[in-house]
Visitor: 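The structure follows.
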Amino acid sequence: MKIEEMSVSVIIAAAGASTRMGGAVSKPLLPLGGRTVLDWSLKLFDSSAAVRQIIIAAAASELPQIEAVAAAYPKVQAVVAGGADRCASVRLALAAVDERARRVAVHDAARPLLAAADWQALLELSAKHAAAILGAPLNDSVKTVTGGRLSGSLRRESLLAAQTPQIFERELLRAAYLRAGQAGISAGDDAELVAAVDGEIAFCHARQANFKLTRPGDMALAEAVLARRAGGDLCV
């Protein structure tokens with residue numbers, strides 16, 4: 001399948017509370033490199049030949065601001081009010097997915113550094129699999145803790161730091177959310193829900209920085225990454 005024939009609907013999860021980041025607005029609306037955090041993801045997906053539509057799940061209190069940002073991107077077809085948690089927000093956004101879409105990609109708005117090459121690699125992988133996610137290998141040693149003390153070690157070779165985007169066949173993702181809703185299950189990401197329906201999830205490593213903005217210090221790191229990619233000039 002050619003990339004331009006994949007017909008992907010992209011859901012951007014942008015309804016989080018941003019409590020660890022602080023500030024007067026949520027992370028998607030924070031300034032980053034001359035744009036908002038949300039702009040960086042919208043720019044990439046709007047220019048992707050594989051993307052059919054973009055749906056944003058935003059905090060109800062910020063819908064007007066998010067809609068103002070989204071107005072510059074023709075592929076944004078809906079901005080919906082998110083739910084009580086990430087799963088609820090994605091579930092609400094799924095209702096707006098075009099029935100002609102073959103696949104649905106879910107991406108965190110708080111990951112503005114997604115590189116076009118990594119998105120392309122994930123698309124190529126997802127053309128061969130019903131479910132595929134982007135991830136990163138772990139560099140630190142990982143320990144388990146019991147009762148406030150170290151109790152063991154985990155082998156890094158068997159671990160993956162899951163990132164977004166995560167791409168799924170449309171009906172597979174819908175089935176996963178239907179099952180989760182019926183069972184009252186929530187999860188940290190969509191792959192966890194899909195794994196309960198279809199255990200086979202492919203992955204590829206992000207080759208460039210794609211970390212999630214979580215705390216204030218992450219903003220300076222993201223600015224540095226964007227400046228390096230732009231050759232030191234972010235006036236774009």
Visitor: Which heavy atom of Ala127 sits nearest to which heavy atom of Met6, and what is that distance?
Guide: N-CE, 4.0 Å

Visitor: Under 4.5 Å between any side-chain heavy atoms of Val69 and Ile56, yes or no?
Guide: no

Visitor: Measuring only between side-chain heavy atoms, which start at C-beta, is Ser41 closer than 4.5 Å to Leu114?
Guide: no

Visitor: Just to verify, what does Phe168 make a ring-ring contact (aromatic ring centres under 6.0 Å, His included) with, not counting sequence neighbours?
Guide: none

Visitor: Tracing side-chain links under 4.5 Å among I, L, V, M, F, W and Y, which residues wind up in one group with Leu150?
Guide: Val145

Visitor: Where is the tightest heavy-atom contact between Leu213 and Ala222, given as atom of each residue plus distance?
Guide: CD2-CB, 3.9 Å

Visitor: Measuring from atom CD1 of Ile66 to atom OG of Ser26, what distance do you get when rounded to the nearest 0.5 angstrom?
Guide: 5.5 Å

Visitor: For Phe203, enumerate each residue passing the ring-ring contact (aromatic ring centres under 6.0 Å, His included) test, keeping only those at least two apart in sequence or located in another chain.
Guide: His205

Visitor: Would you call Arg170 and Leu94 a side-chain contact if the rule is heavy atoms closer than 4.5 Å?
Guide: no

Visitor: Can you name the side chain to side chain donor-acceptor pair (under 3.5 Å) partners of Arg91, sequence neighbours left out?
Guide: none

Visitor: Hey, are the side chains of Ile167 and Trp119 touching, using non-hydrogen atoms and a 4.5 Å cut-off?
Guide: yes

Visitor: Check whether any side-chain heavy atom of Phe45 lies under 4.5 Å from a side-chain heavy atom of Val8, and answer yes or no.
Guide: no

Visitor: Tell me, do Ile12 and Val10 make a side-chain contact under 4.5 Å, heavy atoms counted?
Guide: yes

Visitor: If you compare all heavy atoms of Glu169 against all heavy atoms of Arg103, which two are closest, and at what distance to 0.1 Å?
Guide: CA-CG, 4.1 Å

Visitor: For Gln53, does its backbone N or O pair with a side-chain atom of Gln77 as donor and acceptor, under 3.5 Å?
Guide: no

Visitor: With a 4.5 Å cut-off on side-chain heavy atoms, are Leu113 and Leu226 touching?
Guide: yes

Visitor: With side chain to side chain contact (heavy atoms under 4.5 Å, CB included) as the criterion, how do Leu38 and Leu29 come out once you've worked through the C-alpha distance, each side chain's angles and the decisive distance to 0.1 Å?
Guide: CA-CA 6 Å; Leu38 179 59; Leu29 293 172; 5.5 Å; no

Visitor: Filter on salt bridge (charged side-chain N to carboxylate O under 4.0 Å, His left out), then keep only pairs touching residues 188-197, sequence neighbours left out; what's left?
Guide: Arg86-Asp190

Visitor: Please round to the nearest 0.5 Å and tell me the distance separating atom CG of Leu172 and atom CD of Glu200.
Guide: 11.0 Å

Visitor: Would you say that Tyr73 contacts Asp39 through its side chain, given a criterion of any heavy-atom pair below 4.5 Å between the two side chains?
Guide: yes

Visitor: Specify the closest pair of heavy atoms between Val97 and Arg174, including all atoms of both residues, with the distance to one decimal.
Guide: O-NH2, 3.8 Å

Visitor: Is it true that a side-chain atom of Ser126 and a backbone atom of Leu123 form a donor plus acceptor pair closer than 3.5 Å?
Guide: yes

Visitor: Shortest non-hydrogen contact from Thr214 to Lys27?
Guide: CA-NZ, 4.2 Å

Visitor: Nearest heavy-atom pair of Asp98 and Ser9: which atoms, and what distance?
Guide: N-OG, 4.1 Å

Visitor: Any donor and acceptor pair, going by atom type alone, linking the side chain of Ser89 with main-chain N or O of Gly83 inside 3.5 Å?
Guide: yes

Visitor: Tell me if a side-chain donor or acceptor on Thr164 pairs with a main-chain N or O of Asp108 at a distance below 3.5 Å.
Guide: yes

Visitor: Atom NZ of residue position Lys75 - does it have more than 12 heavy atoms of other residues, nucleotides or ligands inside 6.0 Å?
Guide: yes

Visitor: Can you list the other members of the hydrophobic cluster that holds Leu154, where links are side-chain heavy atoms under 4.5 angstrom apart?
Guide: Leu138, Val142, Leu159

Visitor: Would you say Gln163 and Asn210 are linked by a side-chain donor-acceptor pair, where the criterion is simply a distance under 3.5 Å?
Guide: yes

Visitor: Above 12 or not: heavy atoms from other molecules or residues under 6.0 Å from CD of Glu157?
Guide: yes

